[in-house]
There are 2 protein chains.
Amino acid sequence: MAEPNRSKDRLALSALGLFAERGFVGTSIRDIAKATGLSISNIYHHFGNKEGLLLAILKTASERLLRELREASDQPGTPMERFKKLVQTHLQLSRGLRKEAKIFFLDEEHLSPEGYRANLTYQRDILDLYREHLLALQEAGEVNFKSPTIAAFNILGVVNWHLRWYRPEGQMSFEETSREVTEFILHGI
Amino acid sequence: MAEPNRSKDRLALSALGLFAERGFVGTSIRDIAKATGLSISNIYHHFGNKEGLLLAILKTASERLLRELREASDQPGTPMERFKKLVQTHLQLSRGLRKEAKIFFLDEEHLSPEGYRANLTYQRDILDLYREHLLALQEAGEVNFKSPTIAAFNILGVVNWHLRWYRPEGQMSFEETSREVTEFILHGI
DNA sequence: TTCACACTAGATCAATCGATCGATCTAGAG
DNA sequence: CTCTAGATCGATCGATTGATCTAGTGTGAA
């Protein structure tokens with residue numbers, strides 16, 4: 001086996017694109033197999049079932065997102081500087097993880113209870129990261145919200161909505177929208 | 001016919017609940033028929049096809065939402081007062097239209113081109129309403145964003161995210177979260 | 001060489017899908 | 001009393017679904 005897990009990776013990559021485009025239920029295992037040129041059996045061999053394939057994609061993406069967000073916001077600096085870095089990094093990463101993010105918020109209701117729980121945990125981890133930073137800001141007193149939790153939800157709303165409406169082919173550049181979104185958040189808290 | 005369109009309304013109501021719970025693709029026309037106790041044929045008789053049923057629900061809800069938002073924000077007052085009223089009304093209405101709103105943002109990719117376009121138009125109408133108000137605020141000079149469009153997107157992100165995470169059965173009251181969300185938005189702009 | 005195992009293909013399964021059919025029922029118009 | 005339009009029914013269509021089964025591959029260890 002010169003190229004280990006090549007089929008597995010190809011399946012995951014094709015599935016990512018198809019899930020993002022047509023949704024989980026809207027994509028059949030035959031679509032995925034056909035897109036890779038492999039047979040259906042590979043999906044069941046490598047991922048157990050259709051949901052296993054989705055969860056594998058979600059796991060990889062969310063772990064990477066959380067890790068990179070932690071790294072970026074763990075740099076030295078004032079609480080406000082670190083929080084700003086967190087938001088900016090989140091926006092930038094979401095840009096590269098458009099498809100993954102779309103899957104994330106799309107097909108929750110078609111997952112098994114275990115899959116749903118895993119999905120929820122990934123989202124909660126991101127929320128908690130924001131809550132930590134917001135709590136630090138609140139203790140520093142530079143801030144005018146009462147509940148760090150609600151503030152974290154509001155921020156996630158703005159950030160996640162951004163990857164919903166932002167179109168790279170539009171007239172507004174990513175840097176332009178990203179700066180405006182960041183300022184909205186910084187004023188909001 | 002003592003009760004005109006009763007079957008039609010019952011179908012739409014059942015479909016609303018099922019679509020919100022399991023998604024459009026995740027709900028079969030058999031599920032809807034079974035939930036109402038009527039036969040499958042009624043759906044095709046009253047709505048043409050499965051998508052027609054969804055679009056009918058979407059149309060009713062979005063027209064009502066837009067109308068009530070216009071009414072609420074057309075009251076006399078300063079631009080800021082009217083804008084605040086708009087946001088508060090939006091939050092309140094979303095609370096009563098939870099299911100409809102969920103459908104709205106869920107299954108876009110499974111619609112026909114015409115259905116997708118209709119869906120997009122409804123969302124654009126809301127966006128434009130916000131842009132009008134934000135433009136008035138910008139001209140009044142009380143505001144620190146550059147693009148009313150981006151600001152409108154940000155606000156919609158916060159409002160729509162609210163109906164995603166807010167749980168009536170949780171410990172936080174609706175009034176509490178609503179106030180906090182509104183303040184976040186008002187500071188953000 | 002032999003054996004075990006990871007990997008892959010293709011045929012096939014029962015279940016379910018959206019949609020359509022002709023037939024029947026009901027209510028009101030003329 | 002007849003005619004018609006709309007509402008509703010159960011049966012059924014072909015297609016597709018996720019999943020499984022069998023039958024091989026090729027590779028590396030013993």
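In the text below, chain A, chain B and the rest are named by the order of the sequence lines, each starting its count at 1.
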Can you give one letter per nucleotide of nucleotides 13-24 of chain C, 5' to 3': B if a protein heavy atom sits under 4.0 Å from the base, S if only from the sugar-phosphate, - if neither? ----BBBBB---

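- Regarding contacts with the backbone of dA7(D), every side-chain N or O of Asn42(B) stays at 4.0 angstrom or more from both OP1 and OP2.
- Both cation-pi conditions hold for Lys8(A) and Phe47(A): the charged atom is under 6.0 angstrom from the six-membered ring centre and inside a 45 degree cone around its axis.
- The side chain of His46(A) contributes an N or O atom lying less than 4.0 Å from OP1 or OP2 of dT8(C).
- Both Phe105(B) and Leu65(B) belong to a common hydrophobic cluster when Ile, Leu, Val, Met, Phe, Trp and Tyr are linked at side-chain heavy-atom distances under 4.5 angstrom.
- Atom C1' of nucleotide dC7(C) and atom CG of Asp9(A) are separated by 15 Å, given to the nearest angstrom.
- Between Trp161(B) and Phe153(A), the closest heavy-atom pair is CD1-O, 3.4 Å.
- Take Ser39(A) and apply the side-chain hydrogen bond (donor to acceptor under 3.5 Å, both in side chains) test, not counting sequence neighbours, and it matches Asn42(A).
- Using a 4.0 Å cut-off on heavy atoms, none of the residues of residues 13-22 of chain B approach DNA chain C.
- A salt bridge links Arg131(B) with Asp128(B): the closest approach of a Lys/Arg side-chain nitrogen to an acidic carboxylate oxygen falls below 4.0 angstrom.
- With rounding to whole Å, Leu54(A) atom CG is found 15 Å from dG18(D) atom C1'.
- As rounded to whole Å, 12 Å separates atom P of dT17(D) from atom CD1 of Ile43(A).
- Using a 30° and 60° split on the angle between ring planes, His162(A) and Trp165(A) fall in the perpendicular class, above 60°.
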Please set out all donor-acceptor pairs under 3.5 angstrom arising from side-chain atoms of residues 179-189 of chain B, sequence neighbours excluded.
unit_1, atom_1, unit_2, atom_2, d
Glu180(B), OE2, Lys146(A), N, 2.7
Glu180(B), OE2, Ser147(A), N, 2.9
Thr182(B), OG1, Ser178(B), O, 2.7
His187(B), ND1, Glu183(B), O, 2.9
His187(B), NE2, Asn144(A), ND2, 3.3

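- Between the CZ atom of Phe47(A) and the C1' atom of dA19(D) there is a distance of 16 Å, given to the nearest Å.
- A salt bridge does not link Asp9(A) with Arg6(A): every distance from a Lys NZ or Arg NE/NH1/NH2 to an Asp or Glu carboxylate oxygen is 4.0 Å or more.
- Judged purely by atom type and a 3.5 angstrom limit, Thr27(A) uses its side chain to pair as donor or acceptor with the backbone of Leu18(A).
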DNA chain D base-pair string [pairs: Watson-Crick or G-U under 3.5 Å; |: paired with another strand]: ||||||||||||||||||||||||||||||

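- For His45(B), no side-chain nitrogen or oxygen approaches OP1 or OP2 of dT8(D) to under 4.0 Å.
- Look at CZ on Arg10(A): it is 12 Å from C1' on dT8(C), rounded to the nearest Å.
- Classified by interplanar angle (parallel below 30°, tilted 30° to 60°, perpendicular above 60°), the ring pair Phe83(A)/His133(A) is tilted.
- For residues 86-100 of chain A, the pairs satisfying side-chain hydrogen bond (donor to acceptor under 3.5 Å, both in side chains) are His90(A)-Tyr130(A), with sequence neighbours left out.
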